[in-house]
Amino acid sequence: EKDDDLATAETALAEKDDDLATAETALAEKDDDLAAAETALAEKDDDLAASEAKATTLETDLAATSADLAAEKQRREAAEREAAALRVKLEEIRAGAGTTNGAE
């Protein structure tokens, strides 16, 4: 009877050892899954940082382009004012020349 009890206990212990081994295998698989998820997250973080850096560069480029455009607009407006002043001066010269020619 003691031998039977011992055999039963050994069988139960072996089953528990199997259960423990199964649980350890499942835990190792979950650890692997977690490591893979952490790696994927790190890659996404890197991608996000690269995208943010690119966005910052694009914003800087846009600001520079806007500043260039505003400066070019000011240059164009100044050139238009200068051209208008030259047209007025030319008309004055023509009007004066016409008066002078008529007086001769």
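Remember, predicted model here, so these are calculated numbers, not experimental data.
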Solution key, residues 53-61 side-chain donor-acceptor pairs under 3.5 Å, sequence neighbours excluded:
{"residue": "T56", "atom": "OG1", "partner": "E52", "partner atom": "O", "Å": "2.9"}
{"residue": "T57", "atom": "OG1", "partner": "A53", "partner atom": "O", "Å": "3.0"}
{"residue": "T60", "atom": "OG1", "partner": "T56", "partner atom": "O", "Å": "2.9"}

Table please: side-chain donor-acceptor pairs of residues 36-48 below 3.5 Å, with sequence neighbours left out.
{"residue": "T39", "atom": "OG1", "partner": "A35", "partner atom": "O", "Å": "3.0"}

Practice problem: Look up atom CZ in R87 and atom CD in E82, then write down how far apart they are to the nearest 0.5 Å. | Solution: 11.0 Å
Exercise. Drop me the distance from D68's CG to K73's NZ, to the nearest 0.5 angstrom.
Key: 15.0 Å
Practice problem: Salt-bridge test for E92 and K89: reply yes if a basic N is under 4.0 Å from a carboxylate O, no otherwise. | Solution: no
Quiz item: CZ/R76 to CD/E72 distance, rounded to the nearest 0.5 angstrom?
Solution: 8.0 Å
Quiz item: Excluding sequence neighbours, so at least two apart, what forms side-chain contact (heavy atoms from CB on, under 4.5 Å) with K2?
Solution: none
Quiz item: Got more than 12 heavy atoms from elsewhere within 6.0 Å of CD, E80?
Solution: yes
